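Worksheet: one structure, shown below.
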Amino acid sequence: MGSTTGSSVSTLVSAGKYKTLYFNPGSYQIDNNQTVTENLFMTGTPCNRISVVRSIAGQNTISLDPAALYTMFYASIKDMNFSRPVNAFGNSQDLGNTHNLTIVPTNVQAAGFGGNKTLCASEFPKTYDASTLFGTDTNAAYTWTKTNSPNQEPSAQTVWLPSHSREPTG
């Protein structure tokens with residue numbers, strides 16, 4: 001995507017039309033008039049956020065096709081004008097001068113889902129949904145890994161940790 005400056009900020013340097021525009025965790029400056037026809041992904045993590053700001057004065061427009069999907073988690077956004085209302089989750093931030101962005105409070109702590117929980121053997125199987133930690137990317141896969149006694153059946157002492165991967169798209 002664009003060029004990278006010495007301060008590790010990637011720049012999307014000209015207006016463009018994209019089927020999918022995917023921002024990995026990091027810092028970005030984007031020029032005006034970006035159009036997304038199918039998917040916009042701004043999916044950071046609690047420890048590796050995404051920062052998107054304008055590269056020229058004023059507000060920069062990100063036009064989303066009416067049928068385009070979007071996913072925004074752990075994103076800090078400033079000086080952007082979205083062509084239609086969008087929601088950002090996972091402790092995202094509107095840093096000002098942004099139009100059509102709603103920050104949806106997400107009260108989830110990534111480490112252990114907000115405190116240790118003891119499970120009794122009678123509670124198995126137990127299912128936790130990790131999507132609020134990683135986003136709602138339909139191409140993502142979530143894997144829970146048992147970290148202690150990997151060859152034993154789950155018990156109240158079993159510790160499971162989430163990991164996230166994204167399958168490549170066409």
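What you are looking at is a predicted structure, and each value in this text was computed from that prediction instead of being measured. Just so it is clear, the values below take in all heavy atoms, side chains as well, and ignore hydrogens, waters and symmetry mates.
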> Quick one: does I50's side chain get under 4.5 Å of Y74's, heavy atoms only?
Replying inline: no
> Roughly how far, to the nearest 0.5 Å, is CG of D65 from CD of E38?
Replying inline: 8.5 Å
>> How long is the straight-line distance from CE of M72 back to CZ of F89, given to the nearest 0.5 Å?
In response: 10.5 Å
>> For a quick test of reading the model, state the closest non-hydrogen atom pair linking G44 to P25 and the distance between them.
In response: CA-CG, 4.0 Å
> Can you get from L21 to V53 by hopping between Ile, Leu, Val, Met, Phe, Trp and Tyr side chains that sit under 4.5 Å apart?
Replying inline: no
>> For S92 versus F73, what's the shortest heavy-atom pair and its separation?
In response: OG-C, 3.7 Å
>> Looking at every heavy atom in both S83 and S63, which two are closest together, and how far apart are they?
In response: OG-CA, 3.4 Å
>> List the residues meeting side-chain hydrogen bond (donor to acceptor under 3.5 Å, both in side chains) with T35, not counting sequence neighbours, and say none if there are none.
In response: none
> Once you round to the nearest 0.5 Å, how far does CD1 of I62 lie from CD1 of I77?
Replying inline: 7.0 Å
>> Let's go through L12 and Q34 carefully: what are the C-alpha distance in whole Å and the side-chain angles of both, what is the deciding distance for side chain to side chain contact (heavy atoms under 4.5 Å, CB included) to 0.1 Å, and is it a yes or a no?
In response: CA-CA 9 Å; L12 190 56; Q34 306 302 324; 3.4 Å; yes
> Can you say whether the rings of F23 and Y28 are parallel (under 30°), tilted (30 to 60°) or perpendicular (over 60°)?
Replying inline: perpendicular
>> Run the side chain to side chain contact (heavy atoms under 4.5 Å, CB included) test against S76 and tell me which residues pass, sequence neighbours left out.
In response: R49, Q93, L95
>> If I take atom CG from residue N32 and atom CE from residue M80, how far apart are they, to the nearest 0.5 angstrom?
In response: 8.5 Å
> Of all residues at least two apart in sequence or in a different chain, which pass the side-chain hydrogen bond (donor to acceptor under 3.5 Å, both in side chains) check with D31?
Replying inline: S55
> Does I103 belong to the same Ile/Leu/Val/Met/Phe/Trp/Tyr cluster as L40, with side-chain heavy atoms less than 4.5 Å apart forming each link?
Replying inline: yes
> What pairs with F82 under ring-ring contact (aromatic ring centres under 6.0 Å, His included), at least two apart in sequence or on another chain?
Replying inline: none
>> Once side chain to side chain contact (heavy atoms under 4.5 Å, CB included) is applied, do any residues pair with N33, and if so which ones, sequence neighbours excluded?
In response: A15, T61
> For D94, which residues count as a side-chain hydrogen bond (donor to acceptor under 3.5 Å, both in side chains) partner, sequence neighbours excluded?
Replying inline: T98
>> Are the side chains of Y22 and N39 in contact, using a 4.5 Å heavy-atom criterion?
In response: no
